[in-house]
Amino acid sequence: MVAVRKPKLAVWKFSSCDGCQLSLLDCEDELLAVADAVEIAYFLEATRAQVKGPYDVSLVEGSVTTPEDIRRIRKIRKQSKVLITIGACATAGGIQALRNFNRVYDFITAVYAEPDYIETLATSTPIQDHVPVDFELRGCPINKYQLLEVVNALLNGRRPVVPAHSQCVECKAHGTVCVMVSQGTPCLGPVTQAGCGNLCPSVNRACYGCFGPKEMPNTASLAGWFGDHGLGPPHVRDFFRSFNAGAEPFRRESEAHE
Amino acid sequence: MVEPDRKDPPIMAIDRDGLDALIQCLAHDGYQVIGPRVENSAVVLGPVAGVADLPKGWTDEQAGGHYRLVADGRGEDGALFGFTLAAQGWKRYLHPPRTRLWQAHREGRSWRVEAEDAAPRYAFLGVRACELSAIHVLDRVFDNGQFTDPGYAKRRGGTFIVAVNCGRAAATCFCASMATGPKAEAGFDLALTELSDSASARFVVEVGSRAGAAVLTGIPHGPATAADIAAAERAVANATAQMQRAAGGREMVDDAAGVLSRNVEHPQWDKVAARCLGCGNCTAVCPTCFCTSMEDTTDLSGDVAERWRRWDSCFTLDFSYIHGGSVRRATASRYRQWITHKLSYWHEQFGTSGCVGCGRCITWCPVGIDITEEARTLAESEGRT
Ligand code: SF4
Ligand code: SF4
Ligand code: SF4
Ligand code: SF4
């Protein structure tokens, strides 16, 4: 690419654990090439230097949990040509969306001596509930190769290769023996989007659903299988209620087993 | 692979040491020997260095959405090929899940394109009759006179095949009703039948090609006795009998191609769609499904581009994506595409069934959707009207 000027990249954090931003730092070998290809204008996890907006690309980690978050994400959206959300928090509300199924005030009073000092929303919601998002990168945390692929595709003006098919596709491509069929272990893979690199099944563990719902997931059929194989409703509910509890298909399925 | 020369096929016998010598001999001849081995909770295919790597004493229990390794309880005398099919088949080697087709490097204002052309030479040990049929189906897809996939042709052309006839059918097997097994009839270099009921653990060996005959001369072997040959025939007959529906076995309905083509609209499609996860496991484990997608990638600088080909499945939405969206959105239409292609219009496309009756799609479907039952339901509904 013949760059006229380097695109300005900003990385923003909302309610999150920083794990996804770390995936960017974890790119080690490729990080220098990224730093070479873009101007890192705002990335507090990596540098204190801050360049003012507007930004060509904003990567947004974390979910919206406070009134201030809403104001901030709107401002960021206005300053960003392309806005990409990264990780389960930003794309589905994250593990903290478990609060959506309970009364958040009960938590606050249980934890804080002076609950009145806490200003928080009743729910943890994904970024796209508040502003338009150009691309969503799934995962808890995201996969660094997928992140590089998205940055890369953007810089080269092509479509990112981030398929929305099931984790099972990854199992079969890796030659991983299905734990559900060969051991009867309940697995979320058939309703979960691929992308992690087959982390759990390749070490003989079932998929936890970190990458959220795949395209058109048939959660009811899978939940039926779980039930037929001895999982009681609370277990089935909890299966669908983790990092991507707030993703619509998982939320609906978990609520069907309350 | 050399053209078959079976005018007067001699029937030989080898023992376990002979089989070990066969593996060594193939490796010595420069083949990468791929065969069955136990990994985690299943028999899988992978590199084997000798008889010690084979799944001695293991058999399998298979049903819809269910696979368990089961010890045959015979200790040191345990069969080496007492299991039926490995979790995935030889397709992984002939038509790998991911292949880089080429790499391009920017050079000034143009590009230098480098095609991939390295092809390993495989020896496949333990190819079942249905799998051998599946390889012939793939041959028609990838190298059919009209069109040749160079990568496939190269990998396939160098492959040495040791078939192993089945002495036992799993509950998911139905090769007998597809006329693809349980005995390998042609297309192998050597074919073995394990005489697991004999204490001396012998294999009856049929020679299928000059290459097979040549390899056999290098290993200890002798003529098979009449008793050995009779025992081998009994083993295969046992597997055939186990697949008879009247005896509780599995069969594909008659005229499955016609049944599918007459029932493009049917309430059964919605019923199966309610269960189908759209996960794509069935197409991935099917030894004949060949569909792929292309992925184009670049490096960050944009100076190196690559084209990759990877397995795809008609169960993904991207598979039928054309301008404006996916043509087959509903799971019902995706399931129908799969089964109708396998059983019906494959005949028109390639002059054969796309299903060889291996039963893998039944076993490895997480929710046990059963291609033979779906076809039977449609057929029976015709009978009632
Ligand atoms: S282990 Fe899980 S993700 Fe992998 S094929 Fe089985 S069900 Fe699918
Ligand atoms: S359709 Fe199923 S039974 Fe037939 S060849 Fe494919 S995997 Fe085997
Ligand atoms: S059944 Fe589907 S994946 Fe298999 S060959 Fe046909 S279209 Fe391709
Ligand atoms: S038939 Fe079974 S294996 Fe195939 S896509 Fe549907 S659920 Fe998955």
Side-chain angles (χ1 to χ4, degrees), chain A residues 1-3 30 32-38 148-149 151-153 155-161 163-187 189-192 194 201-204 214-222 224-225 228-229, chain B residues 39-46 60 62 64-69 86-88 92 96-98 273-285 293-303 305 308 310-313 315-319 326 329-331 334 363-369:
Chain A
M1 200 181 63
V2 192
E30 301 87 351
L32 288 177
V34 174
D36 209 33
V38 300
L148 278 172
E149 168 60 15
V151 172
N152 203 328
L155 292 175
N156 288 292
R158 62 175 176 84
R159 195 182 146 191
V161 181
H165 56 224
S166 69
Q167 177 55 223
C168 303
V169 170
E170 281 202 271
C171 279
K172 292 301 176 280
H174 280 75
T176 299
V177 174
C178 175
V179 301
M180 194 142 112
V181 169
S182 71
Q183 296 168 51
T185 312
C187 179
V191 295
T192 299
S202 67
V203 293
N204 211 14
K214 79 167 185 70
E215 56 188 18
M216 294 186 71
N218 189 346
T219 54
S221 172
L222 188 65
W225 186 99
D228 293 345
H229 288 72
Chain B
E39 252 167 49
N40 288 330
S41 47
V43 173
V44 300
L45 299 178
D60 49 31
Q62 300 194 38
H66 177 93
Y67 176 103
R68 292 293 182 279
L69 267 183
Q88 288 192 53
R92 294 189 67 73
R98 282 180 71 76
R275 296 172 60 212
C276 178
L277 304 163
C279 61
N281 274 307
C282 47
T283 59
V285 297
S293 268
M294 295 298 177
E295 286 179 357
D296 288 333
T297 64
T298 44
D299 72 346
L300 277 169
S301 67
D303 289 337
W308 287 78
R310 65 156 171 88
W311 286 355
D312 203 349
S313 163
F315 280 96
T316 71
L317 287 182
D318 276 352
F319 185 87
S326 289
R329 267 198 81 73
T331 308
R334 283 179 275 144
T363 299
W364 298 101
C365 169
V367 289
I369 293 175

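Note that the structure is a prediction, hence the values are computed from the model and not measured. Sequence lines set the chain letters: A, B, ... in the order given, protein chains first and strands last, and positions in each chain run from 1.
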Quiz prompt | Top contributor to chain A interface from B/Ser41, B/Pro97, B/Pro96 [non-hydrogen pairs under 4.5 Å] | solution = B/Ser41

Practice problem: May I ask you to test the A/Ser221-B/Leu277 pair for a side-chain heavy-atom distance under 4.5 Å? | Solution: yes

Quiz item: Between B/Arg92, B/Arg329, B/Glu295, which residue shows the highest count of heavy-atom pairs closer than 4.5 Å to chain A?
Solution: B/Arg92

Exercise. Could you tell me whether the side chains of A/Gln183 and B/Asn40 share a donor-acceptor contact shorter than 3.5 Å?
Key: no

Quiz item: Picking from B/Gly280, B/Ser293, B/Gly65, which has the most non-hydrogen pairs under 4.5 angstrom with chain A?
Solution: B/Gly65

Quiz item: Top residue by heavy-atom pair count (under 4.5 Å) with chain B, among A/Gly175, A/Ala220, A/Ala33?
Solution: A/Gly175

Practice problem: Please look at B/Asp60 and chain A and tell me whether the side chain, the backbone, both or neither of the residue comes under 4.5 angstrom of a heavy atom of that chain. | Solution: neither

Exercise. Could you tell me whether A/Arg158 and A/Glu149 make a salt bridge, using a distance below 4.0 angstrom between a side-chain N and a carboxylate O?
Key: yes

Quiz item: Who among A/Asp36, A/Asn152, A/Asn218 has the most heavy-atom pairs with chain B under 4.5 Å?
Solution: A/Asn152

Quiz item: Non-hydrogen atoms of chain B under 4.5 Å away: do they reach the side chain of A/Val38, the backbone, both or neither?
Solution: neither

Quiz item: Quick one: does B/His66's side chain get under 4.5 Å of B/Thr363's, heavy atoms only?
Solution: no

Self-check item: Interface moiety of A/Val161 toward chain B, non-hydrogen atoms closer than 4.5 Å
Solution: side chain

Exercise. Heavy-atom distances under 4.5 Å only: say whether B/Trp311 touches chain A with side chain, backbone, both or neither.
Key: side chain

Exercise. Compare all side-chain heavy atoms of B/Phe315 with those of B/Cys282 and state whether any distance is below 4.5 angstrom.
Key: yes

Quiz item: How about B/Leu317 and B/Arg334: do any of their side-chain heavy atoms sit closer than 4.5 Å?
Solution: yes

Practice problem: Using a cut-off of under 4.5 Å on heavy-atom pairs, state which of B/Thr331, B/Asp318, B/Thr297 scores highest against chain A. | Solution: B/Thr297

Quiz item: Quick one: does A/Pro163's side chain get under 4.5 Å of B/Arg310's, heavy atoms only?
Solution: yes

Quiz prompt | Atom group of B/Ala274 that falls short of 4.5 Å from chain A, counting heavy atoms | solution = backbone

Quiz prompt | For chain A, the option from B/Val285, B/Val367, B/Asp299 that forms the most heavy-atom pairs under 4.5 Å | solution = B/Asp299

Practice problem: Could you look at B/Ala305 and say if it's the side chain, the backbone, both or neither that has a heavy atom under 4.5 Å from chain A? | Solution: neither

Self-check item: Nearest-0.5 Å distance that lies between atom CD in A/Gln167 and atom NZ in A/Lys214
Solution: 12.0 Å

Practice problem: Using a 4.5 Å cut-off on heavy atoms from C-beta on, say whether the side chain of A/Val177 contacts that of B/Glu39. | Solution: no

